[in-house]
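Each chain gets a letter, A, B and so on, in the order its sequence line appears, and its residues count up from 1.
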Amino acid sequence: MTTDTDTASHFIKDIIAADLRANKHGGQVVTRFPPEPNGYLHIGHAKSICMNFGLAEEFRGRCHLRFDDTNPATEDVEYVDAIQADIRWLGFDWGEHLHFASDYYQHLYDCAERLIQLGRAYVCTLTAEEFKAYRGVPTQPGRPSPWRDRPPAESLDLFRRMKAGEFADGQYVLRAKIDMASPNLHLRDPVIYRIRRAPHHRTGDTWCIYPMYDFAHCLSDAVEGITHSICTLEFEVHRPLYDWILDALATPCHPQQIEFARLNLSYTLMSKRKLQLLVQEGLVQGWDDPRMPTLAGLRRRGYTPAAIREFCRRIGVTKFNSLTDVALLEHCLRDDLNRRAARAMAVLRPLRLVIENYPAGRVENMEAVNNPEDPAQGVRPVPFSRELLIERDDFMENPPSGFYRLAPGRAVRLRYGYCVECTGVVKDPATGEPAEVHCVYDPDSRSGAGAKRNKKVKATLHWVSQLHARPLEARLYDRLFTVPDPADEAAAGGDFRRVLNPASLQKVTAMCEPGLAQAGPGAHYQFERLGYFFTDPADSRPGAPVFNRTATLRDGWARESGKAGAG
RNA sequence: UGCCGGAUGGUGUAACGGUAGCACAGCAGACUCUGGAUCUGUUUGUCUAGGUUCAAAUCCUAGUCCGGCAGCCA
């Protein structure tokens, strides 16, 4: 039996298992999740989080949370807090190991000085434009900077003055001295320190020079004793530099960088930059807008941590650039919610149903099962009366073949109630649409108790008593994007904003059974055949409850007939 | 066209020289107090061409296609 934090077998596990057998890192496994605090975590990050924490758990090691905060211009403490909350919500714990690259600034600086003294780094005076010209292109080797052979003492002096704030941003950089002719661009004397005057969210203005990713990341890994530094595929070409720096400084710890393919999801924008644009331009309510693929957004949309972890387990880990069908994510949510969510009856587009032979003023409490898949959730009473509301789509005056629900002359069961037979329909004179359906009930067919309690009918409908029903305002979540494939974004003129789905997050008012509120906020409900309803307990904004139809039950009738009428 | 990486059904993933399996999606059926859920069955696959081998998705060679790399971002 596997738990949902286990990951399926994959190549990184094979590597770790082999390292363990060879006693490569003294039998230790230490991983880390290294976000840059410049945005919120999204479903793609969940893949990395589940893998890194999952690996640590499985191999009895540990996993650090380290903020890669080496670019003060883009980072903010808001993100530091949100990221931690989201990881905790997902169900992972870094224990004592909350780290920041900024904690290592002094150490990193010392390493840089050492590199200079070793003659393996130099301060370069080239401008950004000159730097680019000297670097060359992939197919052509670069040329050495005129400052490449600057004596270490001179570089050291300049570097110290860079740190002291004597120079303007961009005036000097520190570069590793590697190979300007390398076919790998990242080895053509990469910049490892730059001057950047921007307040850092943790160190303030203590520093005006900041290490680049390539310099800070490998050394931070080494400081923390990371054994397996797992990152995404685009860092593959950085690996020689990762190893070069650690080798040059002869660090006692030399973690192994392993790359895997990042998650791509159909219909889903995964670019942090573009998500940020949606937030900045006010196209969504914020990073936690229920339409966003962020963990905060998914949470508000009713996604459960277990569903997301299970999804991450199922998608696997490879080096293949794949496009995962979002249907798998939705399946994982249904799978979890079907097991746990309480059932409730509600109608989205009400149609009055009058039972002509049911006494006016009479109310019966019908016994409804809270969750057929979990008897422990018990039963609840649901008031039944003469005038009910049913789903508008559950009635058709002229039903085509294949439609089993209510129509003139037809009998259906009202779930947990009685069987009724339709005797007629009253139409709205203005629109010609059905305004009220009339029927008669069979008193012997009462659910659970009547003599004809097992009476066979073609269909069963959900309903609420009109007198007792309470309105419940929510936002109907639909997919934010309408494109079938990220590739189609290009077809939309390259502007991802043009593929936004205007129908997403529209207001709906469901008429629901009176007892619904008693279950308390934060609970999930499954509205029979309609979808899932969820209220974020921490969210009191108007219209905050979300009705999630994407992870919905499919309407078999509408699907087969090709009629998209179901509401 | 330089370097690095990748290619298994519609999608994702497993098999690490020995029966190509699993999941999602799809389709069909059973059951059901909703046609959902559940259960059962099922269609579809090793990029191409050579080679090694008793045996190749797996190893070798050549090709094809896809992705990444030219921030003082991460």
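At the phosphate of C73(B), OP1 or OP2 sits under 4.0 Å from a side-chain N or O atom of Arg194(A). Side-chain nitrogen and oxygen atoms of His331(A) include at least one within less than 4.0 Å of the OP1 or OP2 phosphate oxygen of C24(B). The phosphate of C73(B) (OP1 or OP2) has a side-chain N or O of Arg196(A) nearer than 4.0 angstrom. For Arg334(A), no side-chain nitrogen or oxygen approaches OP1 or OP2 of U38(B) to under 4.0 Å.
Using a 4.0 Å heavy-atom distance criterion, Arg413(A) is classed as a base contact. In this structure, Thr127(A) reaches the bases: a heavy-atom distance under 4.0 Å links it to at least one base atom across the strands shown. Ser182(A) comes within contact range of no nucleotide atom at all, as no heavy-atom separation falls under 4.0 Å. Base engagement by Leu126(A) is indicated by at least one non-hydrogen atom pair under 4.0 Å involving a base atom.
Contacts of residues 449-465 of chain A with RNA chain B (heavy atom under 4.0 Å): Arg453(A), Lys456(A), Thr460(A), Leu461(A), His462(A). Of the residues in residues 231-242 of chain A, those placing a heavy atom less than 4.0 Å from an atom of RNA chain B are Glu234(A), Phe235(A), Glu236(A), Val237(A), His238(A), in numerical order.
For Ile230(A) and A74(B), the CD1 to P distance is 21 Å, given to the nearest whole Å.
In this structure, G68(B) shows a glycosidic angle more than 90 degrees from zero, which is the anti conformation.
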**Base versus backbone protein contacts along nucleotides 11-17 of chain B [heavy-atom cut-off under 4.0 Å; B, S, -]** = SSSS-B-
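Looking at the side chain of Met212(A), the nearest of the listed nucleotides C33(B), A70(B), G71(B) is G71(B).
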